[in-house]
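Structure, as structure tokens:
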Amino acid sequence: MIYPYIDRIRKIRKNHNLSQDEVARLLGTSQTMYSRYERGLSEMPIRHLVMLADYYRISADYILGRTDIM
């Protein structure tokens, strides 16, 4: 199953000119694991979703693809 957050976390990261390694360090995980989130190979934990929403100052619903309003 393809989840909308897969594309969104990649686009948001790139729009902020961040590497996967930089975001992984923010989340307290490895670059390999973060890469797995972006490729849809591993599901992202809720705590990481919340951390990304807070860091980027956007809604978790936007990241999840439930709204197009940031």
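Along the sequence shown, residues carry numbers from 1.
- Residues V50 and M44 do not share a hydrophobic cluster, clusters being chains of Ile/Leu/Val/Met/Phe/Trp/Tyr side chains in contact below 4.5 Å.
- In terms of hydrophobic clustering, with Ile, Leu, Val, Met, Phe, Trp and Tyr side chains grouped at heavy-atom distances under 4.5 Å, M70 and L18 are assigned to a common cluster.
- The two atoms that bring M51 and L26 nearest to each other are CE-O, 3.2 Å, heavy atoms only.
- Distance check: I58 CD1 to L52 CG gives 8.0 Å after rounding to the nearest 0.5 Å.
- L41 belongs to no hydrophobic cluster with other residues, because no ILVMFWY side-chain heavy atom falls under 4.5 Å from its own, directly or through intermediates.
- The minimum heavy-atom distance between Q20 and S35, with the atom names listed, is OE1-CB, 3.4 Å.
- For the pair A53 and A60, the tightest heavy-atom approach, listed with the atom from each and the gap, is CB-N, 3.9 Å.
- Judged as a salt bridge (charged side-chain N to carboxylate O under 4.0 Å, His left out), the pairs with a partner in residues 51-64 (not counting sequence neighbours) are, in order, D61-R66.
- Every residue was checked against the side chain to side chain donor-acceptor pair (under 3.5 Å) condition with N17, not counting sequence neighbours, and none meets it.
- The minimum heavy-atom distance linking I69 with S59 is given by the pair O-OG, 3.6 Å.
- R8 and I63 get closest at one heavy-atom pair: CB-O, 3.7 Å.
- Contacts classified as salt bridge (charged side-chain N to carboxylate O under 4.0 Å, His left out) and involving residues 38-48 (residues at least two apart or in different chains) are given here: R10-E38, R13-E38.
- L27 contributes atom CG, which lies 11.5 Å from atom CE of M33 (distance to the nearest 0.5 angstrom).
- Between the CD1 atom in I46 and the CG atom in L64 there is a gap of 9.0 Å [rounded to 0.5 Å].
- Residue pairs meeting the ring pair (Phe, Tyr, Trp, His ring centres under 6.0 Å) criterion with at least one member in residues 46-70, sequence neighbours excluded, are H16-Y56, Y37-H48.
- Applying the salt bridge (charged side-chain N to carboxylate O under 4.0 Å, His left out) test to pairs two or more places apart or on separate chains, those with a residue in residues 14-37 are D21-R25.
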